[in-house]
Amino acid sequence: QVQLQESGGGSVQAGMSLRLSCAASAYTSHNFCAAWFRQAPGKEREGVATLYASSTSSYANYRDSVQGRFTISQDKFKNTLYLQMNDLKAEDTAMYFCASGCRRPGTWSEDSFPYWGQGTQVTVSS
């Protein structure tokens, strides 16, 4: 069983940056497949960014509203997934979750991720 633990959330003003981390007890596949999701109060959970990496290539995908502001990355030696969030906006306020265990690039369906963290809160004030 893979365990995920997010950290790095907090309260910031609009325009500032945060970096979220997701430490995994292990990544079970030789190919790395993980994502960040978020859920704002009263709204459904939504995908923010996905990352798929093999030994020869990597693929990152972003929802339109964060494209150019957020960057998903991994440190495979530390079994850690990151989300660098720049130029934060009030609408980015949400609980952020990392998820792993998907099998294909560009996966957004929550059902494709068997492993989930507990979440870290990001609050952006305008």
Side-chain angles (χ1 to χ4, degrees):
Q1 182 74 10
V2 175
Q3 296 181 334
L4 305 177
Q5 180 63 58
E6 301 96 336
S7 62
S11 296
V12 297
Q13 293 186 329
M16 296 184 69
S17 299
L18 283 173
R19 188 177 79 158
L20 306 184
S21 300
C22 174
S25 57
Y27 283 107
T28 58
S29 172
H30 63 282
N31 291 330
F32 179 90
C33 190
W36 288 95
F37 289 78
R38 68 185 181 187
Q39 187 169 22
K43 295 186 177 181
E44 293 187 354
R45 189 156 57 186
E46 62 185 17
V48 176
T50 70
L51 179 64
Y52 180 91
S54 67
S55 60
T56 57
S57 58
S58 65
Y59 304 90
N61 293 272
Y62 302 91
R63 70 179 300 106
D64 289 345
S65 61
V66 307
Q67 181 77 45
R69 299 188 297 123
F70 290 12
T71 303
I72 188 171
S73 63
Q74 61 151 328
D75 184 331
K76 61 182 179 180
F77 299 107
K78 295 182 178 179
N79 281 344
T80 301
L81 177 72
Y82 300 101
L83 185 68
Q84 177 67 42
M85 305 186 295
N86 298 329
D87 189 23
L88 282 161
K89 305 177 184 300
E91 52 263 39
D92 295 319
T93 294
M95 182 73 77
Y96 283 71
F97 301 87
C98 65
S100 72
C102 52
R103 297 180 180 272
R104 297 178 181 179
T107 299
W108 291 104
S109 172
E110 294 185 27
D111 292 342
S112 298
F113 296 86
Y115 309 113
W116 289 81
Q118 295 299 308
T120 185
Q121 178 67 39
V122 172
T123 303
V124 184
S125 58
S126 58

Original post:
Passes side chain to side chain contact (heavy atoms under 4.5 Å, CB included), Val124 versus Glu91? Steps please.
Top reply: CA-CA 8 Å; Val124 184; Glu91 52 263 39; over 6 Å; no

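- For the side-chain contact (heavy atoms from CB on, under 4.5 Å) test, residues two or more places apart in sequence or in another chain that qualify with Ser126 are Ala90.
- Remark: Tyr82 pairs with no residue by the side chain to side chain donor-acceptor pair (under 3.5 Å) rule, at least two apart or across chains.
- Formation of a donor-acceptor pair under 3.5 Å by the Thr120 side chain with backbone atoms of Ser7 is not found in this model.
- Every side chain to side chain donor-acceptor pair (under 3.5 Å) that Gln84 has, sequence neighbours left out, goes to Asn86.
- The minimum heavy-atom distance between Ala35 and Ile72, with the atom names listed, is CA-CD1, 4.3 Å.
- For Phe37, the ring pair (Phe, Tyr, Trp, His ring centres under 6.0 Å) partners are Phe113, Trp116, not counting sequence neighbours.
- When hydrophobic clusters are built by joining Ile, Leu, Val, Met, Phe, Trp and Tyr residues whose side-chain heavy atoms come closer than 4.5 Å, directly or via intermediates, Met95 is not grouped with Leu88.
- Pairs passing the salt bridge (Lys or Arg N to Asp or Glu O under 4.0 Å) check and including a residue from residues 1-11, sequence neighbours excluded, do not occur.
- Contact between Tyr96 and Leu20 at its shortest, heavy atoms only, is CB-CD1, 3.6 Å.
- Residues forming a side chain to side chain donor-acceptor pair (under 3.5 Å) with Arg45 (at least two apart in sequence, or on another chain): Glu110.
- Under the 4.5 Å side-chain contact rule for hydrophobic residues, Met16 and Leu83 share a cluster.
- Of all heavy-atom pairs between Leu81 and Cys98, the closest is CD2-CB, 4.2 Å.
- Contacts classified as salt bridge (Lys or Arg N to Asp or Glu O under 4.0 Å) and involving residues 93-103 (residues at least two apart or in different chains) are not found.
- The list of salt bridge (Lys or Arg N to Asp or Glu O under 4.0 Å) pairs with a residue in residues 8-17, not counting sequence neighbours, is empty.
- Every residue two or more places apart in sequence or in another chain that forms a side chain to side chain donor-acceptor pair (under 3.5 Å) with Arg69 is listed here: Asp92.
- The line from CZ of Arg104 to OG1 of Thr50 is 14.0 Å long, rounded to the nearest 0.5 Å.
- Contact check for Val66 versus Arg38: side-chain heavy atoms found under the 4.5 Å cut-off.
- Checked by atom type and distance alone, the side chain of Tyr52 never pairs as donor or acceptor with a backbone atom of Cys102 at under 3.5 Å.
- Shown here are the salt bridge (Lys or Arg N to Asp or Glu O under 4.0 Å) partners of Arg19, two or more places apart in sequence or in another chain: there are none.
- The salt bridge (Lys or Arg N to Asp or Glu O under 4.0 Å) analysis of residues 52-63, with sequence neighbours excluded, yields the pairs Glu46-Arg63.
- With hydrophobic clusters built from ILVMFWY side chains whose heavy atoms lie under 4.5 angstrom apart, Val48 shares a cluster with Met85.
- Gln121 CD: more than 12 foreign heavy atoms inside a 6.0 Å radius.
- Under the salt bridge (Lys or Arg N to Asp or Glu O under 4.0 Å) criterion, Lys78 pairs with no residue, sequence neighbours left out.
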Original post:
side chain to side chain contact (heavy atoms under 4.5 Å, CB included) between Trp36 and Leu51: does it pass, once the steps are laid out?
Top reply: CA-CA 9 Å; Trp36 288 95; Leu51 179 64; over 6 Å; no

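- Neither Leu4 nor Phe97 shares a network with the other; the hydrophobic side chains, linked directly or stepwise wherever heavy atoms of I, L, V, M, F, W or Y lie under 4.5 Å apart, form separate groups for each.
- The OG atom of Ser25 sits 9.0 Å away from the OH atom of Tyr115 when rounded to the nearest 0.5 Å.
- With hydrophobic clusters built from ILVMFWY side chains whose heavy atoms lie under 4.5 angstrom apart, Leu18 shares a cluster with Tyr62.
- Looking at every heavy atom in both residues, Gln74 comes nearest to Lys76 through OE1-CB, 3.5 Å.
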Subject >> Check against side chain to side chain contact (heavy atoms under 4.5 Å, CB included), Val122 and Val12 >> reply: CA-CA 8 Å; Val122 172; Val12 297; 5.6 Å; no

